[in-house]
Amino acid sequence: MPELPEVEVCRLGLEPELLGAEIRAATVRQPRLRHELPASLPATLAGQQIVAVRRRGKYLLLDCQRGKEVGSLIIHLGMSGNLRFVPLDQAPGKHDHVDLVFAGQILRFADPRRFGAVVWYAGAQVERHPLLAVLGVEPLSDDFTADWLAAANARRSGPIKPVLMDGHLVVGIGNIYASESLFRAGISPLRAANRISRQRYELLVPAIRQTLADAIAAGGSSIRDYVHSDGGAGCFQIQAGVYDRAGQPCLRCGGPIRQIRQAGRSTYYCPACQR
DNA sequence: CGTTACCCCTGGAGGC
DNA sequence: TGCCTCCAGGGGTAAC
């Protein structure tokens, strides 16, 4: 479900509610997520004040403080996770695994497939956590340039699409936006990463930036009192040029969109427009 | 080192 | 109605 734009929209929705708020209590109903939650987590979280709401790749970071002690709650939504605010008395559903209880509401983490994660990092530099330390550059930062990407891919002979999805290189680009960005740049998802010219990387990098930024803008415009990661029927997918459009006409040339499988994931592209 | 296959898990869709 | 298969926006690990 969530790629970088969805997580960023989630962060934008959380920030005004959580900044400065105190976690009164925490409830864990299902500790078996991607990483098993320690039994001590509720006690660790109780009394923490949230001092920052950040994002790194597809991870949400809630920086916390309790007296002199600092730490961060690392949250990943996996494929099917979502966070929403619910009333204090709302009964939990089947897949509502973790609650953060605040004075007037509960922030509830639900995740049917349990690929998501809730991890505590004790200390001031959460970036040093093993999950975060290995992450690549932020695609919306100044570090993400055509020069850098071309150099990073100089020895990669595999197809570009799975490379874009490798978070050790560049974070946040998931299966939808990898296809969408390549369509926007006119580059075939099958093209070897090291056989893309510098000039075409000059197209690809802005295409990725624009695709992600557009999605954030589309999602950010509909934030309310909850954090929606429901992209399925939501605003994110409406503008898809190729994703999930197999057999339908290309919006640029009218030819049929093709669906293939790369590294176990579906890829969509226009064989006429993308070379 | 780069690349791929498989696995984690549940639910929805579609075929029979 | 049930059962089966396949698919799903992520990512870690093992193996080639």
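Order of the sequence lines fixes the chain letters, A, B, ..., with proteins taken first and strands second; residue numbering starts at 1 for each chain. Heavy atoms only: backbone and side chains are in, while hydrogens, waters and symmetry mates are out. Because the structure is a prediction, the values reported are computed rather than measured.
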Participant: Under the rule for side chain to side chain contact (heavy atoms under 4.5 Å, CB included), what residues qualify as partners of A/R55, not counting sequence neighbours?
Facilitator: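 A/L4, A/V7, A/E8, A/R11, A/E138.
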Participant: Could you give the side-chain donor-acceptor pairs of residues 119-134 of chain A under 3.5 Å, partners two or more places apart or in another chain?
Facilitator:
from, atom 1, to, atom 2, distance (Å)
A/Y121, OH, A/Q125, O, 3.1
A/E127, OE2, A/R54, NH1, 2.9
A/E127, OE2, A/R54, NH2, 3.3
A/H129, ND1, A/L131, N, 2.9

Participant: Mind listing the N/O atom pairs, protein and nucleotides 11-15 of chain C, below 3.5 Å?
Facilitator:
from, atom 1, to, atom 2, distance (Å)
C/dG11, OP1, A/H76, NE2, 2.8
C/dG11, OP2, A/K58, NZ, 3.0
C/dG11, N3, A/R34, NH2, 3.4
C/dG12, OP1, A/Y59, OH, 3.3

Participant: Considering only C/dA8, B/dT3, B/dC8, which nucleotide approaches the side chain of A/R261 most closely?
Facilitator: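 It is C/dA8.
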Participant: Whole angstroms only, please: what is the CG-C1' distance between A/D111 and C/dG10?
Facilitator: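 Going from A/D111 (CG) to C/dG10 (C1'), I get 10 Å.
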Participant: Using OP1 and OP2 only, check whether a side-chain N or O of A/S266 sits under 4.0 Å from C/dA8.
Facilitator: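 A/S266 to C/dA8 OP1/OP2: side-chain N or O found under 4.0 Å.
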Participant: Before you tell me yes or no, could you show the steps for A/I23 and A/L62 under side chain to side chain contact (heavy atoms under 4.5 Å, CB included), namely the whole-Å CA-CA distance, both residues' side-chain angles and the distance that decides it to 0.1 Å?
Facilitator: CA-CA 11 Å; A/I23 301 172; A/L62 306 185; 5.8 Å; no
Participant: Write out all pairs satisfying ring-ring contact (aromatic ring centres under 6.0 Å, His included) with one or both partners inside residues 8-62 of chain A, taking only residues at least two apart or from two chains.
Facilitator: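 Found A/Y59-A/H76.
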Participant: Could you tell me which residues satisfy side chain to side chain contact (heavy atoms under 4.5 Å, CB included) with A/P249, sequence neighbours excluded, listed by chain and number?
Facilitator: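 Here the qualifying residues are A/R245.
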Participant: Rounded to whole angstrom units, what separation is found between the CD atom of A/Q262 and the C1' atom of B/dT3?
Facilitator: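 Spelled out: CD on A/Q262 to C1' on B/dT3 is 12 Å.
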Participant: So A/G264, base contact, sugar-phosphate only, or nothing? Heavy-atom distance under 4.0 Å.
Facilitator: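 Here A/G264 touches no strand at all.
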Participant: Applying salt bridge (Lys or Arg N to Asp or Glu O under 4.0 Å), which residue pairs with at least one partner in residues 260-275 of chain A are found, sequence neighbours left out?
Facilitator: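 Listed once each, the pairs would be none.
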Participant: Reading DNA chain B from 5' onward, which residue's closest nucleotide shows up sooner: A/A152 or A/A263?
Facilitator: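 Between the two, 5'-proximity favours A/A152.
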Participant: Would you kindly give the CG-to-P distance between A/L37 and B/dC8, to the nearest whole Å?
Facilitator: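 The distance from CG of A/L37 to P of B/dC8 comes to 20 Å, rounded to the nearest Å.
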Participant: I'd like the C1' distance from B/dT3 over to C/dG9, given in whole Å.
Facilitator: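 About 22 Å, rounded to a whole number of Å.
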Participant: Specify the separation, in whole Å, of atom CD of A/E180 and atom P of C/dG9.
Facilitator: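 Interatomic distance, CD of A/E180 to P of C/dG9: 13 Å.
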Participant: Show the nearest heavy-atom pair for residues A/S179 and A/K161, with the distance to one decimal.
Facilitator: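 Here A/S179 and A/K161 meet closest at OG-CE, 3.9 Å.
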Participant: Enumerate the ring-ring contact (aromatic ring centres under 6.0 Å, His included) contacts for residues 250-275 of chain A, please, sequence neighbours excluded, ordered by first and then second residue.
Facilitator: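 Applying ring-ring contact (aromatic ring centres under 6.0 Å, His included) to every pair that reaches into residues 250-275 of chain A, excluding sequence neighbours, yields A/Y243-A/Y268.
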Participant: Between the side-chain atoms of A/E6 and the base atoms of C/dG9, is any donor-acceptor pair under 3.5 Å?
Facilitator: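 Between C/dG9 and A/E6, which were checked side chain against base, a qualifying N/O pair under 3.5 Å is present.
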Participant: Between A/L164 (CG) and B/dT3 (C1'), how many Å, whole number?
Facilitator: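 Rounded to the whole Å, the gap is 15 Å.
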Participant: Would you say A/L100 and A/L73 make side-chain contact, with heavy atoms under 4.5 Å?
Facilitator: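 Touching, per the 4.5 Å side-chain cut-off.
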Participant: Taking only distance into account, with no hydrogens and no angle test, what donor-acceptor pairs under 3.5 Å do side-chain atoms of residues 142-151 of chain A form with protein atoms, sequence neighbours excluded?
Facilitator:
from, atom 1, to, atom 2, distance (Å)
A/T145, OG1, A/W148, N, 3.0
A/D147, OD1, A/R198, NE, 3.1
A/D147, OD1, A/R198, NH1, 3.1
A/D147, OD1, A/R198, NH2, 3.1

Participant: Reading DNA chain B 5' to 3', how would its secondary structure be written in dot-bracket notation, given Watson-Crick and G-U pairs with both distances under 3.5 Å, brackets [ ] for crossing pairs and | for partners on other strands?
Facilitator: .|||||||.|||||||
Participant: Atom CD1 of A/I160 to atom C1' of B/dG2: distance rounded to whole Å?
Facilitator: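 That distance rounds to 14 Å.
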Participant: Each residue besides A/V86 in its hydrophobic cluster should be listed here, by chain and number; the cluster joins Ile, Leu, Val, Met, Phe, Trp and Tyr at side-chain heavy-atom distances under 4.5 Å.
Facilitator: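 Listed partners: A/L88, A/V101, A/I106.
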Participant: Roughly, in whole Å, what's the span from CG in A/D166 to P in B/dT3?
Facilitator: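 Whole-Å distance recorded here is 9 Å.
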Participant: Under 4.0 Å between a side-chain N/O of A/Y243 and OP1 or OP2 of C/dG9, yes or no?
Facilitator: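 Affirmative; the distance criterion is met.
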Participant: Would you please name every residue forming a salt bridge (charged side-chain N to carboxylate O under 4.0 Å, His left out) with A/R184, sequence neighbours left out?
Facilitator: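 Partners of A/R184 by the salt bridge (charged side-chain N to carboxylate O under 4.0 Å, His left out) criterion, ordered by chain and then number, come out as A/D214.
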Participant: List, with names and distances, any nitrogen or oxygen atoms from the protein found under 3.5 Å away from nitrogen or oxygen atoms belonging to nucleotides 10-14 of chain B.
Facilitator:
from, atom 1, to, atom 2, distance (Å)
B/dT10, OP1, A/R114, NH2, 2.9
B/dT10, O4', A/P112, O, 3.3
B/dT10, O3', A/H95, NE2, 3.3
B/dG11, OP1, A/K94, NZ, 3.0
B/dG11, OP1, A/H95, NE2, 2.6

Participant: Can you tell me the distance, in whole Å, between the CG atom of A/L4 and the C1' atom of C/dG10?
Facilitator: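 Taking CG of A/L4 and C1' of C/dG10, I get 14 Å after rounding.
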